[in-house]
Amino acid sequence: MWAEIDLCSEDLKSKRFFFCVGDWCDWGWTMRKATWGLLLLLTCAATCDQSGQNQDGEQKGPSRRGHVSVVVVGSTGDLAKKYLWQGFFNLYASQVGKGYSFSFYGGGLSPDGRGTPLLFEILKSQDCPVDVSDERCALVREQFLRLAQYRQLKTEEDYQALGQHIETQLKQEGMVEAGRLFYLSVPAFAYADIAQRVNRSCRPPGTAWLRVVLEKPFGHDSNSAQELATQLASSLKEDEMFRIDHYLGKQVVSQILPFRKGNRKLLKSIWNKHHIDRMEIVLKETLDAKGRISFYDQYGVIRDVIQNHLTEVMTLLTMSVPKNLTDCKEINRNKLKVFSALHQLDMPSAVLGQYQTYNSEVQLELNKTKDHFSLSPTYAGIAVHTTMPQFDGVPIFLVSGKLLDERVGYARITFKNNVFCAQDQTSITCRPKQIVFYIGQGQLQYPAILVSKNLFKPALVNNGWKEVIENDDTLLFGIPLSDYYIQTPVVQQEAYTELISQVFRGRRDHFVSAESLLASWKFWTPLLNSLKHTFPRPYPGGAANGNLLDFQLQGREVRFCSEALVNMIPQEKTESFQVMQGKYRSADMVSAWSKELVERLAHDLQEAAEESVQEGTPFHLALSGGSSPLALFKQLTQHHYAFPWWNTHVWMADERCVPPNEAESNFRTIHDHLLQHVHLPYFNIHPMPVQLNQRLCVEEDGGALVYEQDIARLVNSSSFSYVLLGVGFDGHTASLFPGNRLGSSGERLVALTESPLKPHQRMSLTFGAINRARRVSVLIMGKGKHELVTQLSRIKDTPDRWPITKIQPVNGRLVWYIDYDALLGQ
Ligand SMILES: *[C@@H]1O[C@H](CO)[C@@H](O)[C@H](O)[C@H]1NC(C)=O
Ligand SMILES: *[C@@H]1O[C@H](CO)[C@@H](O)[C@H](O)[C@H]1NC(C)=O
Ligand SMILES: *[C@@H]1O[C@H](CO)[C@@H](O)[C@H](O)[C@H]1NC(C)=O
Ligand SMILES: *[C@@H]1O[C@H](CO)[C@@H](O)[C@H](O)[C@H]1NC(C)=O
């Protein structure tokens, strides 16, 4: 035995990385006298024998898998200290004897003299992996330390030197290279430069892989994320980049899809809007942002954890389960579908809070004066909705905050209970039904998946998991643990350990693709922009928050349940009330701040529709295009559930000559913002026929006539119940522009017209058609329209230049809805 080991000991000395997978051989040496050393030696000898026969580097057996160089840039920072080196140590321990050899480079800005002791201090203190005995761990650690070195990585030359070092070493030791793993644990602004240097100086030759791991933040909005993505793409290929969201490495999070797949038969019938009451994705922290303010204040809670961690969990809960759980392309496709189906968020989709001492921390850490006020939220509650038919109408709450009552992360799906218990209300069938993905911390103290016993008994889909038979009466969400089936991982594993192991194995399914990253930013950016000037509600922190941060859903909007105790929010527009009535151009006018104005208009519209219902006649509503009615549509779809849509016909006041599915199409706008969200019979929808015979608005195709005939056929006396109009800066309304030759009465109801703006061709109701209506409303909003409103109030005798002034219903009523901004120009 000794002879055998001695035979290859020469090789072992010089090629310890190469032969015998290095590690095992070295163990053999160091542990000659160890009681269990024999086994190692045997293994070593066997391995040596194999590789020893092949001095030209063409190894057989496990050692042929090659050499891996790991480079941690930012290797002595907080993250590296707390998680990354532990992850690499665990990786190393798990790979010992499996055919790879390693070297580890800790990179940093400090010169070697200063960095080396710092690095080794950290490396020495790594914990033993749970499944490794102390004895063995001591060996692995010793070996790990020998394979590690510190390198200053500051300049281009430093990276060149590193690249050369790796190559020289490989050559000297006759090693085959498997790949290089760079972990960038540095601020995001440094990514692009480092990626460029890695590409220039450290890219491995031949078939060896290059993997570069990046951490959030990947930008702070849509544009910056896109910019960063473009910069990185010039240095690294998409499949070389591993964007970490460490939440995806949490055991419970990475189990969501396997759980859904493994229990699909049971979930199939209940994973939908008919059964799910709501989803809650929550990450609560008890700590504040002290010490991190210079980072945190630029981001705030939405960018810090909601745009990434909670959004990822949301996609895992709502995406369709991929056929192949490790196929990252399919996962990516399914995630993108989730993003494309989300309702856009804006200001009323969120409530914001800020713990009370935050601002003084900002002043202190950012060196600001006492009058500096930060608007960064440290708490946010957001209601997300999707148009996916499966979940349409199911609210998804995303909530996170600092200085809350407990530290916990979970995703909870509560189900509607459709059972009626005649007598025993406490019987199990009557209790709440839920599935909880308990991600970590909190009351349970262990990660787990819980399913109410009155739902179903979930299968154990992964042999790394076990059932928990819990006897105590701990309450979770008010329900004793004994009411749940509980699963938990057999061994608890840090997220970083899991993810580092996946990078090493080249598995990408738990990483964030560029596409889904950009989709996520595209989804969050409009909300972030709309909240830019919103004052967050101050909260004291911890238990003292009481119910202060509770919020409730109204339609798709949220608001705090209680009035704030300390109201620091300067109310911009608190002018007493609210809706004013008067006369404008000798017709009725309603005026208010835009929000109240839209509420009033929606209310009036519904009243008019209900009148028609009472008369037993259909409500014929003609809508114009443009952006002004969008707020009205939103109000109608989110607050007017009793609107008699089934009795309503939707007509168009005008249309642009473009195909109906194009963004410029008025019908498309009305479809996306109104029709899509309400239930009215399809045959009550009347788009203008601008596209006939595969061409757009050609006179001889007679589109205008077709529409006119439809009106005459369906609308009694061709008199619409309600026409809603806006006004352009040039005084046009519908698509009736200044200088149009159409008279204000006349026989025609519909005509082709010309716009000075693109697309020039239009189809429009005529003055004649509009003036027959029973009711016409003109909606004007925004400061930009103030000049116009002033001008219109004076014009008397040049109606051809101001088409809107030709709107004079013959038997109907005209009402102007003008908001204060447009009316007063403030
Ligand atoms: C990497 O650098 C080379 C030149 O050094 C360049 O041709 C290439 O486009 C860069 N990017 C990628 C992704 O390879
Ligand atoms: C699943 O996808 C992975 C990665 O694309 C692939 O390697 C594997 O063969 C696939 N499995 C099946 C059963 O298709
Ligand atoms: C804080 O401001 C003071 C006075 O303006 C200045 O002397 C000091 O260097 C600043 N400190 C930091 C950390 O910016
Ligand atoms: C149709 O309209 C006329 C007046 O325009 C009205 O007298 C008549 O009652 C209406 N018919 C129905 C069925 O509503």
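Counting convention: from 1, in listed order, for ligands and their atoms alike.
Within the 4.0 angstrom cut-off, atom 7 (O) of ligand 4 has no protein heavy-atom neighbours. In this structure, atom 14 (O) of ligand 1 has a protein heavy-atom contact shorter than 4.0 Å. Within a 4.0 Å radius of atom 4 (C) of ligand 1, the protein contributes no heavy atom.
Under 4.0 Å is where a charged nitrogen must lie from a carboxylate oxygen, and between E240 and R203 at least one such pair does. Ion pair D509/R507 flagged as a salt bridge, since at least one NZ, NE, NH1 or NH2 atom sits closer than 4.0 Å to an Asp/Glu carboxylate oxygen.
Atom NZ of K261 sits in a crowded spot, with more than 12 heavy atoms from other residues, nucleotides or ligands closer than 6.0 Å. Surrounding CZ of R774 are at most 12 heavy atoms belonging to other residues, nucleotides or ligands under 6.0 Å away.
Of the protein's non-hydrogen atoms, N324 ND2, 1.4 Å is the one closest to atom 1 (C) of ligand 2. The closest protein non-hydrogen atom to atom 12 (C) of ligand 4 is N716 ND2, 3.2 Å. In this structure, the protein non-hydrogen atom closest to atom 10 (C) of ligand 1 is N199 ND2, 2.5 Å.
In this structure, a donor-acceptor pair under 3.5 Å is present between the side chains of S101 and H67.
Aromatic rings of F504 and F102 (six-membered ring for Trp) have centroids within the 6.0 Å cut-off, being under it.
Those atoms of ligand 1 that come under 4.0 Å of a heavy atom in L236, given as number and element, are 13 (C). For ligand 1, the atoms sitting less than 4.0 Å from at least one non-hydrogen atom of S235 are 11 (N), 12 (C), 13 (C), numbered in the order shown with element in parentheses. The T326 neighbourhood of ligand 2 comprises atoms 1 (C), 2 (O), 3 (C), 4 (C), with distances under 4.0 Å to a heavy atom of that residue.
Using 4.0 Å as the threshold, Q196 has no heavy atom nearer than that to any atom of ligand 1.
Of the polar atoms of K237, none of the N or O atoms is found under 3.5 Å from an N or O of ligand 1, judged by distance alone. Looking at ligand 4, you won't find any N or O of T617 less than 3.5 Å from one of its N or O atoms.
Looking at S201, S234, A233, A195 and measuring to atom 9 (O) of ligand 1, the nearest heavy atom belongs to S234.
At a heavy-atom distance under 4.0 Å, atoms from both the backbone and the side chain of D327 approach ligand 2. Neither the backbone nor the side chain of E240 comes within 4.0 Å of ligand 1, counting heavy atoms alone.
The aromatic rings of Y496 and H246 lie parallel to each other, with less than 30° between the two planes, well short of the 60° mark.
Of the candidates D245, L499, L248, F511 forms a side-chain contact (heavy atoms from CB on, under 4.5 Å) with just one, namely L499. For the side-chain contact (heavy atoms from CB on, under 4.5 Å) with L725, the qualifying choice from T733, L779, L814, L765 is T733, the only one to do so.
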